[in-house]
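Shown next, in structure tokens, is the structure this report addresses.
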Amino acid sequence: LPPVTQLAWLVTVAGRYSPINTTCLKEALALSWLLSRRGIATALRIGVAHRHGDLAAHAWLEQNGRIILGKADADAYAPLLPLSREAVHQ
């Protein structure tokens, strides 16, 4: 099985070449699903920021507190509560 970092890269590349519009949230959800099928727990993080008077949002995925997808923009956003698969299914 490919390592987590390789799967994250593959999801990002697939998003670039997808005929449908992908977003950071769609990519994070796709990777979360792929990893959950392999028994790997992740946490979906969503953050917000004010940019030029508008509210902007960004999603990224963490594993064991380490960002595995969406890291490039994550530092610019204030994270909301983390969402784990377990929390969503309760």
Can you tell me which residue pairs pass the side-chain hydrogen bond (donor to acceptor under 3.5 Å, both in side chains) test with a partner in residues 2-21, sequence neighbours excluded?
-> none
Group every Ile, Leu, Val, Met, Phe, Trp and Tyr by side-chain heavy-atom contacts under 4.5 Å, then state whether Ile40 and Trp33 land in the same group.
-> yes
Gap between atom CG of Asp75 and atom CD1 of Ile67 - 0.5 Å precision | 6.0 Å
Show me the side-chain donor-acceptor pairs of residues 48-57 shorter than 3.5 Å, one per line, residues at least two apart or across chains.
from, atom 1, to, atom 2, distance (Å)
Arg51, NH1, Tyr77, OH, 3.2
Arg51, NH2, Tyr77, OH, 3.3

Rounding to 0.5 Å, atoms SG (Cys24) and CG (Leu61) come to a distance of 11.5 Å
In sequence, state the C-alpha distance, the side-chain angles, and the governing distance for Ile68 and Glu62, and then conclude on side chain to side chain contact (heavy atoms under 4.5 Å, CB included).
-> CA-CA 5 Å; Ile68 58 173; Glu62 293 182 355; 5.9 Å; no
Nearest heavy-atom neighbours spanning Glu27 and Gly15 | OE2-CA, 3.7 Å
OG (Ser32) and CD (Gln63) are apart, to the nearest 0.5 Å, by 11.0 Å
Going by heavy atoms in the side chains, are Leu7 and Leu31 under 4.5 Å from each other?
-> yes
Side chain to side chain contact (heavy atoms under 4.5 Å, CB included) assessment of His58 paired with Leu25 = CA-CA 7 Å; His58 178 59; Leu25 179 59; over 6 Å; no
Write down the atom of Ala74, the atom of Trp60, and the distance for their closest heavy-atom approach.
-> CB-CD2, 3.7 Å
In Å, rounded to the nearest 0.5 Å, how long is the span from CG of Leu34 to CG of Leu29?
-> 11.0 Å
